[in-house]
Amino acid sequence: MSHQSLKTVFISTFIHEVHLAKSKLESKGIRSFLIDEHLNATIGTAFIEGYKLQVDAKDFEDARTILSLYKT
């Protein structure tokens with residue numbers, strides 16, 4: 001899978017929210033990738049930009065739909 005084929009489907013400044021979203025996607029068979037998880041410890045970008053959860057571009061719409069079902 002090429003990095004260029006990944007699209008950001010979820011962003012949060014709270015790492016636990018990103019892990020929950022990742023688990024929800026994986027339970028539906030969608031592989032996801034947490035971007036810059038450890039970068040925050042060195043330069044703190046997640047505080048400003050948030051942690052990014054990405055999926056393959058072909059799974060983007062399905063992933064967005066799944067995550068929208070869990071929003072309150």
Give me each pair satisfying salt bridge (Lys or Arg N to Asp or Glu O under 4.0 Å) with a member in residues 8-17, each pair once, sequence neighbours excluded.
none
Quick check: closest heavy atoms across [X] and [Y], and the distance to 0.1 Å?
X     : Y     : result
Val9  : Arg64 : CG2-N, 3.7 Å
Ile30 : Asp59 : CG2-CB, 3.9 Å
Leu67 : Lys24 : CD2-CB, 4.4 Å

For Glu26, give me all partners under side-chain contact (heavy atoms from CB on, under 4.5 Å), at least two apart in sequence or on another chain.
Lys22, Ser32
Leu25/Leu53 under side chain to side chain contact (heavy atoms under 4.5 Å, CB included): CA gap, chis, key distance, verdict
CA-CA 10 Å; Leu25 292 177; Leu53 186 64; 3.9 Å; yes
Return the CZ to OH distance between Phe14 and Tyr51, rounded to the nearest 0.5 Å.
10.5 Å
Heavy-atom side-chain contact between Leu34 and Ile15 under 4.5 Å
yes
Are Phe60 and Val18 joined in one hydrophobic group, where the rule is that I, L, V, M, F, W and Y side chains link up if heavy atoms are under 4.5 Å apart?
yes
